[in-house]
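For reference, the structure is listed below as structure tokens.
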Amino acid sequence: MKATTGRRRGRTRATAAALCLLAGALGAAAAAGPPAAALTAPVSITADDLSTWQTNGIVWSMAASADGVVYAGGTFSTVRPPGAASGTSEEPAVNFAAFDTATGAPTGCSLSFTLSSGTATVRSLVLSPDGETLYAGGRFGAVNGVGVSNIAAIDTATCTPRQDFKVAVSATVRALAVTDDTVYLGGDFNSVAGQTRNYFAAVTTGAALKPWTANADEVGRAVELTPDGRHVVLGGDFFTVNGTSSHALAVVNTTTGALDKSYPGFIPNTSTVQDLTSDAKQFYTANEGTGGGVFDGRIALDLTTLNQVWRDTCLGATQAILVHNGVLYSGSHAHDCASMGEFPDQPRKHLLAQSVDDPKLLPWFPDTNDGIGEPVGPRVMAQTDKGGRHYLWVGGEFTTVNSKAQQGLTRFADGPDTGAPWVPNVSVSTVAPGKVDVNWQTSFDTDDGTLTYRIYKDGASTPVHTTTGYSVFWDRPQLRWTDTDVAPGETHTYRITASDGTNTSAKSPAVSATVADKAESYPARVLSDGASLYWRYDEGTSTFAADTGAGLDNGFLRNTPSYRQTPAAVSGPSTAIGFNGSTQYAYSNRGRSDTTRFSVETWIRTTTTKGGKIIGFGSNTMELSGKYDKHVYMLNNGRLTFGTSNNGGQTVSTIGAYNDGAWHHVVATQGSGGMALYVDGQLRAVNPLYTKNQSYTGYWRVGGDNLASWPNRPTSNFFAGQIDETAVYPTALTAAQVSAHYALRNSG
């Protein structure tokens with residue numbers, strides 16, 4: 001971002017087939033590669049926040065000079081050192097402060113923006129192209145006692161208000177942009193220098209009102225000059241500009257204010273443009289919406305055609321955007337980007353990065369909280385250089401940064417990278433004879449997507465295997481390495497590290513495996529019958545449910561269920577997992593929509609009288625799903641219901657109850673033969689007419705999810721009891737297959 005603009009910014013056939021599936025998985029240790037955007041526009045700024053002074057209120061505006069000074073304006077009265085608690089070690093700073101970009105400490109420039117009645121605030125800051133003048137807009141009546149009217153010019157050499165720049169603006173100024181001779185402003189006003197100017201206006205750098213007219217019907221929130229000097233891009237709440245329909249966004253002529261491009265229907269009526277920025281090829285919008293059908297994401301538009309290049313559809317009120325080195329950084333409270341193939345229903349993420357050429361999210365995830373005020377979190381961004389380093393500053397209403405106390409301001413730089421990836425979650429499997437499958441959930445690093453994994457065997461200091469994988473916080477694919485340098489009866493231990501190339505995690509806790517001399521019959525049959533997901537729940541204390549099959553679709557275990565419960569449902573060296581019936585559940589890492597035909601299989605053991613969902617398909621992972629079906633749930637009386645959606649719910653239910661404290665085998669299928677529900681190897685309920693279900697992208701969930709509106713809804717959405725050997729198939733299992741699985745429960 002240019003500092004001159006101040007922009008915000010002996011085996012059976014079944015066993016043999018299963019072993020073939022396992023062997024086919026040996027080459028599956030590489031995770032899905034990074035998106036193209038991650039390769040073409042790597043993020044140069046780290047996610048490690050730097051020590052920075054704080055404010056006691058909201059930072060709404062920033063401008064960064066070429067000589068490394070960052071000016072911050074907002075609604076605050078003091079600043080304090082990093083680490084100081086609110087109310088301690090404070091120094092006066094009335095709605096304005098200036099900082100050294102390299103140290104994060106205040107400079108000697110001190111200004112006081114005040115109002116005789118009400119609360120003063122500084123909403124926009126912009127530097128003149130030569131850096132000699134800082135223009136400030138907001139709601140204030142004086143700067144250091146010098147009377148002004150919602151806009152002021154500051155001499156940066158002396159840090160004093162310019163007496164020769166006085167122009168009356170009738171209400172809050174929210175946005176500014178400046179050339180050598182003109183200051184463009186947007187805000188809440190309807191009058192400038194005694195003349196009608198509705199929400200946008202232009203004055204000379206000598207404070208004379210210009211004839212430039214771009215009258216809107218609602219508030220102006222953002223103003224951006226295009227690099228060629230021909231256009232002014234306007235953003236805000238408006239629906240018309242100069243009487244022509246153009247909601248929230250318009251491009252007007254720099255000299256006259258006449259419309260060059262209108263955007264009727266381009267942005268939903270429920271959304272507004274909060275910020276604008278540009279680079280040499282494109283300009284970008286930050287959008288916020290309320291109500292149904294909102295648009296909260298970012299849009300890139302071509303500077304030549306003024307047409308859209310791309311848009312993302314993340315939900316979560318984007319407030320600030322900034323371009324640096326081919327990356328668009330944004331501040332928002334993004335909480336759901338599933339519509340663009342990114343994270344669903346996660347806790348809010350307040351800082352994101354995208355390539356200027358691609359809306360896919362890049363692996364850069366520092367974070368703030370929402371903070372005080374409305375609240376949103378980040379409100380403004382600025383970037384400048386000093387001492388050969390690039391700095392990204394973020395201001396807002398947050399009170400934490402990267403989970404540490406820090407209010408109002410923070411900054412990041414292009415190094416050093418000091419954050420190590422998370423320690424990998426590891427599991428081992430000995431389903432097949434003469435080998436050990438080492439499975440792990442890919443790690444997470446706040447500013448690197450591709451990580452290097454090293455496997456250490458039996459306490460050795462040299463790794464036996466090294467590989468790489470790509471992961472982000474919502475997509476942590478399972479990786480696998482198979483150790484064949486083992487013999488039946490031997491016991492081996494394994495540990496794994498994750499590295500971003502600079503920082504390496506600690507080694508994972510050691511996990512041990514005793515090499516089998518023959519295949520386990522039950523899991524071998526599950527695999528040979530084509531399970532696309534197979535969780536055995538043999539892990540210890542981690543968030544990881546390893547997929548034993550070739551699909552490598554691991555599960556995330558939420559809210560610390562009870563691990564390694566015995567006895568397990570089937571014989572052999574395996575354990576079950578226990579859920580509390582209120583908060584605990586598991587969900588699959590991989591979202592999918594190919595569920596026209598399917599089977600779900602699991603074992604349950606419970607005495608609950610509150611029912612709950614045992615297994616199902618849902619649109620959300622971290623919250624109760626908005627779409628949910630293809631599920632088996634228990635009623636309060638212990639009976640089981642299998643339901644799918646097809647223009648309404650369709651269910652089949654058992655007559656018998658299964659909350660007797662014994663292990664029960666449950667299989668539900670749907671395909672061309674309709675819906676069938678089996679318990680303990682026997683068909684208990686069927687409807688051959690129910691052959692279709694609702695199509696949507698979702699995740700397999702075990703232990704709990706939404707049950708609203710389903711027949712005989714139990715007291716709880718969540719299942720209290722033990723679950724084991726969960727499998728999902730892309731086909732409808734036959735009665736013979738189901739019976740065979742149940743018969744193998746005691747076969748070892």
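The shortest non-hydrogen separation linking Thr46 to Trp364 is O-NE1, 3.2 Å. Across every non-hydrogen atom of Ala248 and Thr272, the tightest pair is CB-CA, 4.1 Å. Minimum interatomic distance between Met62 and Val70 (heavy atoms only, all atoms of both residues): SD-CG1, 4.0 Å. Considering every non-hydrogen atom in both Pro268 and Phe295, the closest pair reads CD-CB, 3.7 Å. In this structure, Gly316 and Ser332 approach most closely via the heavy-atom pair O-CB, 3.2 Å. Nearest approach of Asp279 to Pro227, heavy atoms of both residues: O-CG, 3.3 Å.
A 4.5 Å side-chain heavy-atom check between Asn150 and Phe189 finds every atom pair outside the cut-off.
Below 30°, between 30° and 60°, or above 60°: for Trp393 and Phe99 the angle between ring planes is between 30° and 60°, a tilted geometry. Using cut-offs of 30° and 60° for the angle between ring planes, the His333 and His335 rings count as parallel.
By the side chain to side chain contact (heavy atoms under 4.5 Å, CB included) test, Ser89 pairs with Pro81, Ala84, sequence neighbours left out. Looking at residues two or more places apart in sequence or on another chain, you find a side chain to side chain donor-acceptor pair (under 3.5 Å) between Asn190 and Asn198. For Ser271, there are no side chain to side chain donor-acceptor pair (under 3.5 Å) partners, not counting sequence neighbours. Glu288 is linked by a side chain to side chain donor-acceptor pair (under 3.5 Å) to Gln274, Gln319, counting only residues two or more places apart in sequence or in another chain. With sequence neighbours excluded, no residue forms a salt bridge (Lys or Arg N to Asp or Glu O under 4.0 Å) with Arg139. Not counting sequence neighbours, the partners of Ala202 by the side chain to side chain contact (heavy atoms under 4.5 Å, CB included) test are Thr182, Tyr184, Lys210, Trp212. Among residues two or more places apart in sequence or in another chain, the salt bridge (Lys or Arg N to Asp or Glu O under 4.0 Å) test is passed with Asp237 by Arg221. A search for side chain to side chain donor-acceptor pair (under 3.5 Å) contacts involving Thr240 returns nothing, not counting sequence neighbours.
Checking Asn215 against Thr213 by side-chain atom types alone, no donor-acceptor pair falls below 3.5 Å. Side-chain atoms of Asn242 and Thr244 form no donor-acceptor pair, as typed in the model, at a separation below 3.5 Å. Of the N and O atoms on the side chains of Ser77 and Asn56, at least one donor lies less than 3.5 Å from an acceptor on the other residue. Looking at Ser44 and Asp414, their side chains never bring a donor and an acceptor atom within 3.5 Å of each other.
Residue Thr318 holds its OG1 atom at 10.0 Å from CG of Asp275, rounded to the nearest 0.5 Å. Taken from CG in Asp445 to CG in Asn503, the straight-line distance is 7.5 Å, to the nearest 0.5 Å.
Residue pairs satisfying the salt bridge (Lys or Arg N to Asp or Glu O under 4.0 Å) criterion with at least one member in residues 44-62, sequence neighbours excluded, are listed as follows: Asp49-Lys404. For the ring-ring contact (aromatic ring centres under 6.0 Å, His included) condition, the pairs that include at least one residue of residues 138-159, sequence neighbours left out, are Phe113-Phe140. Listed by first then second residue, pairs satisfying salt bridge (Lys or Arg N to Asp or Glu O under 4.0 Å) with a partner in residues 310-320 read Arg298-Asp312, not counting sequence neighbours.
Formation of a donor-acceptor pair under 3.5 Å by the Thr399 side chain with backbone atoms of Gly371 is not found in this model.
Arg162 has a carboxylate O that lies under 4.0 Å from a charged side-chain N of Asp164, or vice versa, which qualifies the two as a salt bridge.
Within 6.0 Å of CZ on Arg389 lie more than 12 heavy atoms contributed by other residues, nucleotides or ligands.
The ring of Phe365 has its center closer than 6.0 angstrom to the ring center of Phe473.
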Please set out all donor-acceptor pairs under 3.5 angstrom arising from side-chain atoms of residues 300-307, sequence neighbours excluded.
unit_1	atom_1	unit_2	atom_2	d
Asp302	OD2	Thr304	N	2.8
Asp302	OD2	Thr305	N	2.8
Asp302	OD2	Thr305	OG1	3.4
Thr305	OG1	Asn307	N	3.2
Asn307	OD1	Lys261	NZ	3.0

